[in-house]
Amino acid sequence: MTKFAQVVVDVPTLQTNRPYDYAIPAALTDTILPGMRVVVPFGKGGRRVQGFVTALTTQQHYDGDLKAIDTLVDLRPALNTELLQLSKWMADTTYSFWISCMQTMLPNVMRAKYEKAFRIQGTIPEQIRTEIFHNQAELLYSEDLSDQTLRTLSKLQQAGQLETVYHVKNRARVKTQTMVTTVLKNRAAFAAASAALRKNAAKQFELLAYLERHPETVPLKQAEDETKLSRAIFTAGAKKGWLELSQQEVYRDPTRDTQIEQTQPLQLTADQKTAVDAVVAASKNGSDRTFLLEGVTGSGKTEVYLQIMAAALAHGKTALMLVPEIALTPQMVNRVKGRFGDLVAVLHSGLSEGEKYDEWRRIERHEAKVVVGARSAVFAPLENLGVLIMDEEHESSYKQDESPRYHARDVAIWRGQYNHCPVLLGSATPSLESRARAQKGVYQLLRLPERINGQPLPQVTLIDMKAALRKNKNGNFSPQLLTALQGRLIKHEQSVLMLNRRGFSSFVMCRDCGFVLKCPNCDISLTLHMDTHSMRCHYCGHEEPIPQICPNCHSHKIRYYGTGTEKVEKELQELLPEARILRMDVDTTRKKGAHERILQQFGSKEADILLGTQMIAKGLDFPDVTLVGVINADTALGLPDFRASERTFQLLTQVSGRAGRANKEGKVIIQTFNPEHYAIQFAQRQDYEGFYRHEMQIRHRGNYSPYYYSDLVQVSHEDEGQAAKMMFEIANRIKPILSDQAIILGPTPRSIARINKKYYYQIVIKYKHEPRLHAKLEEILETTQTETRHGFQIVIDHEPQQFT
DNA sequence: AGCACGCCGACT
DNA sequence: GTCGGCGTGCTC
């Protein structure tokens, strides 16, 4: 006999970050289940909030009177057992609120909205009733009610003439469609119906004729279109009992109108087959192994994914595939839908809230067996998972950069263990963390070293921009790149140009020798701080003046580095007036669908050159691109981030892979100020393994990931001194519990020390094994609660993507 | 988060 | 003398 429910309420604070006991009204005892959303009274004054039932018990834990659950929001649990458990684990490992974790697992529309209102109880003065309440029974509370009005209302409330009521609004709406079903069953029935009509009822005769021809249930909209009859005629028909009008649920399907061609599995190469077999075997055996598929660009990773998923479906399981948001192009989606048709649900940011909700419900009702989506799709309510796949596993966007700061890779591995199914991480350029785990045997390494079409990897030429700039002071284009572009124009072949925008203007580089100012202690580039007119290291806090002369070659051309796409487009148009250029960056893709439209235009050869930022490096596949140019390879290298080399290598390798995908040979030209930098050298040779070995040595020397874990603790406050002081106090509390193997960096101010009038200070704890650290950090969060009331904000980020 | 309780300055 | 400021504690 379950009588009590434990409920986690929608109040994201540390003090309320635990289940509360509630009594279950008799009417709900049979239907209530863990994972359901409920509305409960919480706190004084009868305030209503939404909550999640986390457990049902026969005994109450709380020693006192319990309140009872108001209403059930769901008929079936919003979170199944797996997701409920996962949410708890996530809250613990990411230092975030349980309720926030549960909310992020669900479509946005399932998040409750709250309203507070004043309701008239007794008799109130006529003037107030008309002027304030506008003759309504309730007045919605809002910030813009005047102080005077509030005072009046408060007085009435105390006198018992008003009460405050709370509304918990569920925004999740199911879209419905009116359907027409013919009731009349046979010729005789139709004849009888016609006979009863007056001779001049022309429209109704038409309706009867239509119904006789169409006994099947059709949408009213369609019937109206086909008959050209008005809705009134159908309503009349329903009244006479000829037909029935009913409401049917419909899904908002974003790809409803696009025709997707069915595709067949492709013949696999020997390497692909080995990879497919390994993962499929694990899936069948219920093994939760993690595999790392390292496949060069164009090696057919996607086909491997598709066939593994097909095998999972064939065994009655479901499959989840994660793709970075920018790679989730219609091309990609259509490829999966082409193979699995209606069994596919897609979840990404381009969908409307309603569409996301519908896709989610299709999964939850087991109508979709394959899910493709970006980061948050890792929470898709698929049951009986047979495999989880994560494409481009190195992408930093898999880690959410706001609370809850989860990494989709960790979540995927957790779900693999829960479901006893394998996880497949795929990339041409795996993250060092994953590749190192494969080295140690934690993951199983699978490799696709060759391109599927047998084409060699494109030839990559490095252009030293220091030399080019000596000839042409301000140009962004070397003569070599320009000549190559002209060549493509003549041959009517397409080119892709990438402008690397990352790290725009935040570091200082010498235009003559490529020298970048580095921290003497940390081997990390110094960041320009315009507020203090200084160069600073974000790791150790080292500070020095902005250089006027290059310390390396004594040139005066040492300055901020960075260029915008618009400027480059203009320059290119002047250099190549006959070229048709398409620009793709945050500005031109802001509107919904703009991204797709630009790619579609380029695909249908409406332009010769596609000029864009990082977003063009991912997943686009245009057979006629024979030239890829990188205008500035270096910008990311200047970032104060130990992953700068890794990111640069990954980006260059990926963009290079865009050239020569079909049977035409591709060429890549990379312009750089640092042609001898190892990241660029290895990218030129497309040598991931070489890069991996070299970078691992550097990480080892610097005590960075994957040799060390890192936790970031950040404090912010309006007063810089207060923020710094608190950060030092916290650091001093952590130090005693750490072993001498751990390293604390900082406290240092953040690169943009002041954001929204707040100052940020942080420390980074690097460690291999500190069993007491997690509990200590939780304790710090708890004990600093009173401080958060005084304008402090404390953030803990396990394995941050950037330390900046 | 948001509400109530509780203790100190400017008003009827 | 009271109204109301916001600092503090609690919510099953």
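Below, read A as the first sequence line, B as the second, and so on, with proteins coming before strands; counting in each chain starts at 1.
Evaluation of the salt bridge (Lys or Arg N to Asp or Glu O under 4.0 Å) rule for Arg129(A) yields no partner, not counting sequence neighbours. Residues passing the side-chain hydrogen bond (donor to acceptor under 3.5 Å, both in side chains) test with Thr152(A), sequence neighbours excluded: none. By the salt bridge (Lys or Arg N to Asp or Glu O under 4.0 Å) test, Glu138(A) is found to be paired with Arg119(A), residues two or more places apart in sequence or in another chain being considered. Taking the salt bridge (Lys or Arg N to Asp or Glu O under 4.0 Å) definition, one finds that Glu131(A) meets it with nothing, sequence neighbours left out. Qualifying salt bridge (Lys or Arg N to Asp or Glu O under 4.0 Å) partners for Lys116(A), counting only residues two or more places apart in sequence or in other chains: none.
Atom CD in Glu115(A) sits roughly 17 Å away from atom C1' in dA1(B) (whole-Å rounding).
Sorted by first then second residue, the ring pair (Phe, Tyr, Trp, His ring centres under 6.0 Å) pairs that include residues 29-59 of chain A, not counting sequence neighbours, are Tyr20(A)-Phe42(A). Legend: ring pair (Phe, Tyr, Trp, His ring centres under 6.0 Å) pairs involving residues 112-135 of chain A, not counting sequence neighbours: none detected. Pairs passing the side-chain hydrogen bond (donor to acceptor under 3.5 Å, both in side chains) check and including a residue from residues 40-52 of chain A, sequence neighbours excluded, read Arg48(A)-Asp70(A). Listed by first and then second residue, the side-chain hydrogen bond (donor to acceptor under 3.5 Å, both in side chains) pairs that reach into residues 78-90 of chain A are Glu82(A)-Arg415(A), Glu82(A)-Asn419(A), Ser87(A)-Trp98(A), Lys88(A)-Asp92(A), sequence neighbours excluded.
Looking at heavy-atom distances under 4.0 Å, Arg18(A) makes contact with a base. Within the 4.0 angstrom heavy-atom criterion, base atoms lie near Phe42(A). Here Pro41(A) lies in heavy-atom contact (under 4.0 Å) with sugar-phosphate atoms only.
Taking the six-membered ring for Trp and the full ring otherwise, His769(A) and Tyr709(A) have centroids separated by 6.0 Å or more.
Proximity of residues 88-102 of chain A to DNA chain C (heavy atom under 4.0 angstrom from any strand atom) is not detected for any residue.
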Anything under 3.5 Å between a protein N or O and an N or O of nucleotides 2-7 of chain B, put it in a table, one pair a line.
unit_1: dG2(B); atom_1: O4'; unit_2: Arg47(A); atom_2: NH1; d: 3.3
unit_1: dG2(B); atom_1: O6; unit_2: Arg789(A); atom_2: NH2; d: 3.0
unit_1: dC3(B); atom_1: OP1; unit_2: Tyr166(A); atom_2: OH; d: 3.1
unit_1: dC3(B); atom_1: OP2; unit_2: Lys116(A); atom_2: NZ; d: 3.4

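Mapping heavy-atom proximity under 4.0 Å, the span of DNA chain C touched by chain A runs 5' to 3' from dG4(C) to dC12(C).
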